[in-house]
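Here the structure is laid out as structure tokens; the discussion comes afterwards.
For the single chain, residues carry numbers from 1 onward in sequence order.
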Amino acid sequence: AGNIFLPARFIELPFWGIKSNPFQSSARLVQLLCRNVSMCESRKDWTNVADMIKIMLCDDLKTIRDSFVQAINRQEDMQVVYAAASGSEAVEYLNHCEALPDIILMDIQMESEKAGIEATRQIHEKYPRIKILMLTIFENDDLLIEAYLAGAVDYIVKDVSWKKICDPLRSASVNEN
């Protein structure tokens with residue numbers, strides 16, 4: 001029997017009221033998990049999470065965070081490991097987490113006009129191997145230049161297709177940008 005690698009979201013879920021060990025086979029475990037977790041139709045759910053591109057998302061708007069998390073987690077090769085609501089929260093998380101993300105999607109304007117740029121600068125100085133891509137609603141050349149100088153490797157406009165969001169993430173993960 002091979003090992004089954006469960007995605008991180010299963011580890012954090014409650015055990016759905018199961019009081020004893022009803023798992024008499026791996027098939028029963030899969031059946032229970034798929035009944036309770038909507039994303040089980042993807043074969044990503046049974047791959048080794050360590051092989052995925054680990055992404056941290058940072059945006060002050062919950063609706064944006066939620067939609068990006070759902071879209072990225074549908075990709076077979078990507079997993080959002082943390083979603084922060086501010087640049088300062090992102091920096092604080094990185095200073096205390098056990099496993100660093102490979103990539104950070106950082107909104108430029110959050111708690112202040114340049115909060116994402118300042119967080120990018122702090123993160124890049126301390127964790128230079130993490131690739132940071134800026135999220136923006138509009139392409140402001142001055143802010144983007146400042147973001148690149150702070151350590152960003154690319155930017156993504158928020159209203160593009162999911163393919164145009166995921167492809168730069170894949171490129172950044174293999175240093176193609």
Side-chain angles (χ1 to χ4, degrees), residues 5 7-9 39 42-45 47-177:
F5 296 96
R9 65 180 166 272
M39 302 259 318
S42 168
R43 81 186 158 172
K44 165 190 167 182
D45 289 321
T47 59
N48 188 343
V49 175
D51 294 335
M52 292 185 193
I53 302 167
K54 291 171 273 319
I55 298 170
M56 178 177 168
L57 177 65
C58 188
D59 197 295
D60 58 332
L61 299 174
K62 184 173 177 8
T63 54
I64 299 282
R65 283 194 314 271
D66 291 347
S67 63
F68 271 75
V69 167
Q70 287 178 359
I72 291 168
N73 283 345
R74 283 190 196 114
Q75 306 301 307
E76 292 184 10
D77 57 341
M78 298 180 194
Q79 181 74 38
V80 174
V81 294
Y82 190 77
S86 69
S88 58
E89 181 185 346
V91 171
E92 184 67 22
Y93 170 79
L94 291 173
N95 288 334
H96 295 96
C97 72
E98 291 181 22
L100 295 172
D102 302 308
I103 295 172
I104 297 174
L105 276 174
M106 177 77 68
D107 188 16
I108 290 179
Q109 298 176 326
M110 290 179 286
E111 63 266 40
S112 70
E113 183 183 28
K114 297 180 182 181
I117 294 171
E118 182 53 37
T120 296
R121 186 178 340 283
Q122 292 175 27
I123 292 166
H124 184 68
E125 286 174 5
K126 190 165 184 179
Y127 308 102
R129 76 157 193 81
I130 298 176
K131 307 290 188 313
I132 303 172
L133 285 79
M134 305 308 291
L135 289 172
T136 185
I137 294 175
F138 44 83
E139 299 178 61
N140 178 321
D141 290 342
D142 292 336
L143 288 177
L144 291 173
I145 290 169
E146 199 170 337
Y148 282 117
L149 293 173
V153 297
D154 204 350
Y155 74 96
I156 297 172
V157 179
K158 291 181 185 180
D159 64 354
V160 298
S161 71
W162 290 118
K163 180 174 175 29
K164 289 184 178 180
I165 290 170
C166 293
D167 286 349
L169 296 173
R170 289 184 181 99
S171 293
S173 74
V174 293
N175 293 325
E176 289 182 9
N177 50 354

Is the side chain of [X] donor-acceptor paired with the backbone N or O of [Y] at a distance under 3.5 Å, no angle test?
X	Y	result
D107	M110	no
N73	V80	yes
S173	R170	yes
D102	K54	yes

Any chance you could measure [X], atom [atom1], to [Y], atom [atom2], to the nearest 0.5 Å?
X	Y	atom1	atom2	result
E139	I156	CD	CD1	11.5 Å
I104	I123	CD1	CD1	4.0 Å
E146	T120	CD	OG1	10.5 Å
I55	C166	CD1	SG	7.0 Å
L133	I103	CG	CD1	6.5 Å
I108	C58	CD1	SG	12.0 Å

Under-4.0 Å salt bridge between D154 and K131: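 Result for this pair is no, no salt bridge flagged.
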Within 6.0 Å of NZ in K158, more than 12 heavy atoms from elsewhere: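 For K158, atom NZ is crowded (more than 12 foreign heavy atoms under 6.0 Å).
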Distance-minimising heavy-atom pair for [X] and [Y]:
X	Y	result
N140	D142	OD1-N, 3.0 Å
A90	A84	N-CB, 3.8 Å
E111	G87	OE1-N, 3.2 Å

Pairing residues for K126 by the side-chain hydrogen bond (donor to acceptor under 3.5 Å, both in side chains) criterion, not counting sequence neighbours: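 Partners of K126 by the side-chain hydrogen bond (donor to acceptor under 3.5 Å, both in side chains) criterion, ordered by chain and then number, come out as N95.
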Full working for side-chain contact (heavy atoms from CB on, under 4.5 Å) between L94 and M56: CA-CA 10 Å; L94 291 173; M56 178 177 168; 4.0 Å; yes
Steps toward side-chain contact (heavy atoms from CB on, under 4.5 Å) verdict (I130, L100): CA-CA 8 Å; I130 298 176; L100 295 172; 4.2 Å; yes
Test side-chain contact (heavy atoms from CB on, under 4.5 Å) applied to M134 and M106, step by step: CA-CA 5 Å; M134 305 308 291; M106 177 77 68; 3.9 Å; yes
All ring-ring contact (aromatic ring centres under 6.0 Å, His included) counterparts of Y82, not counting sequence neighbours: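 With sequence neighbours excluded, Y82 shows a ring-ring contact (aromatic ring centres under 6.0 Å, His included) to Y93, given in chain and number order.
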Close side-chain approach of L169 to Q75, heavy-atom, < 4.5 Å: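 Answer no - side chains too far apart.
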Summary of salt bridge (Lys or Arg N to Asp or Glu O under 4.0 Å) pairs that have at least one residue in residues 85-99, sequence neighbours excluded: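 Output for this query is empty, none listed.
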Verdict with supporting geometry, F68 and D59, side-chain contact (heavy atoms from CB on, under 4.5 Å): CA-CA 10 Å; F68 271 75; D59 197 295; over 6 Å; no
